[in-house]
Amino acid sequence: MQRMRSGALLCAALFWSAAASASAADLMQAWRAAQQHDPEFAAAQAAHQSGAAQRRQSGALWRPSVEFTAGAGLASSDSATRGASFSAPGMGSSNGVSFDTSVNNGTMQRWALSARQPLLSGERSAQARQLELAADIAEIEWGNANQALMLRVAERYFDVVLAADTLRVLRRQQA
């Protein structure tokens, strides 16, 4: 029991001496390198960017939309009416009249421009809320990934520093 306690004290003393002797710039360099090369962190960064895009999409649901439509056509039409009767004031009445109309190679063109602004929409409100929640989740996961990476880097860094100090102490003891 005494030996275990002294071993724990020795480890704690080595840890604190290692932490005190560790250069902050070296730890920061390790942190920056890990940010650039850690695959878990890269995946979390991509998810964070996706969450930011979802937040922008949430706002875009309520923006006005503009729609442009156009159409063109070509048609021919013939119509004939025979045996019609009509009367008009000042012209008298006529019987057995024929009306013939024809359109050959008639063209049709049409275009429309419309803008819509959503004011109330339960569906859009639900979609916007879902996108906002997804963005919030991505933000929280990003913070967790940052903290997890910091912890992994610090643990590995101080493991190396502690191992180097342990090796130095063991070499002194051996000498």
Side-chain angles (χ1 to χ4, degrees), residues 4-77 103 105-169:
M4 196 168 152
R5 182 177 285 167
S6 65
L9 288 174
L10 176 64
C11 284
L14 285 174
F15 175 77
W16 287 113
S17 68
S21 67
S23 168
D26 291 338
L27 182 57
M28 287 305 293
Q29 288 172 355
W31 163 244
R32 287 187 186 108
Q35 284 179 317
Q36 294 173 356
H37 301 290
D38 187 68
E40 288 178 44
F41 188 73
Q45 192 171 21
H48 181 251
Q49 291 169 350
S50 172
Q54 287 175 322
R55 194 173 305 281
R56 289 189 302 272
Q57 287 174 349
S58 167
L61 287 173
W62 295 102
R63 291 191 191 122
S65 62
V66 177
E67 184 179 309
F68 177 76
T69 58
L74 178 66
S76 295
S77 174
V103 175
N105 296 325
T107 59
M108 182 270 308
Q109 300 161 350
R110 122 187 111 82
W111 60 272
L113 179 65
S114 63
R116 292 182 182 187
Q117 172 66 50
L119 298 176
L120 295 172
S121 172
E123 180 183 1
R124 285 182 193 236
S125 293
Q127 289 173 342
R129 183 70 181 138
Q130 284 177 336
L131 288 167
E132 284 290 328
L133 288 173
D136 290 345
I137 289 170
E139 191 72 32
I140 290 168
E141 288 176 348
W142 170 247
N144 288 343
N146 264 320
Q147 290 177 0
L149 182 63
M150 282 183 215
L151 182 62
R152 283 195 311 272
V153 168
E155 285 175 345
R156 303 306 186 289
Y157 180 79
F158 287 116
D159 284 347
V160 169
V161 170
L162 185 61
D165 277 354
T166 303
L167 183 61
R168 184 179 49 81
V169 168

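Keep in mind the model is a prediction, meaning the values are calculated, not measured.
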Problem - Rounded distance [0.5 Å steps], CZ in R55 versus CD in E139 - result: 6.5 Å

Completion exercise
In terms of heavy-atom contacts, A138 and G51 come closest through CB-CA, 3.7 Å

Exercise for the section: Work out which heavy atom in L149 is nearest to a heavy atom in A34; give both atom names and the distance. Expected result: CD1-CB, 3.9 Å

Completion exercise
d(L151 CG, R156 CZ) to nearest 0.5 Å is 8.5 Å

Problem - T166 OG1 to D159 CG distance, which is reported to the nearest 0.5 Å - result: 10.0 Å

Practice task
Would you confirm whether S125, through its side chain, and S121, through its main-chain N or O, come within 3.5 Å as a donor-acceptor pair?
Solution key: yes

Handout entry: Rounded distance (nearest 0.5 Å) linking atom CD of Q45 with atom CD of Q49
Key = 5.5 Å

Handout entry: Taking every non-hydrogen atom, the tightest pair across W62 and A128
Key = NE1-CB, 3.9 Å

Exercise for the section: Look at the aromatic rings of W142 and H48 and report parallel, tilted or perpendicular, splitting at 30° and 60°. Expected result: parallel

Completion exercise
Between P118 and R124 the two heavy atoms that sit nearest each other are CG-NH1, 3.5 Å

Problem - Minimum heavy-atom distance N146-F41, with the two atoms named - result: OD1-CE1, 3.1 Å

Problem - R129 CZ: over 12 foreign heavy atoms closer than 6.0 Å - result: no

Problem - V153 side chain reached by M150 side chain, heavy atoms, under 4.5 Å - result: no

Exercise for the section: Return yes when atom CD of Q117 has more than 12 non-hydrogen atoms of other residues, nucleotides or ligands closer than 6.0 Å, and no otherwise. Expected result: yes

Problem - Electrostatic pair R168:D165 at N-O distance under 4.0 angstrom - result: yes

Handout entry: Side-chain heavy-atom pair R56, L131 within 4.5 angstrom cut-off
Key = no

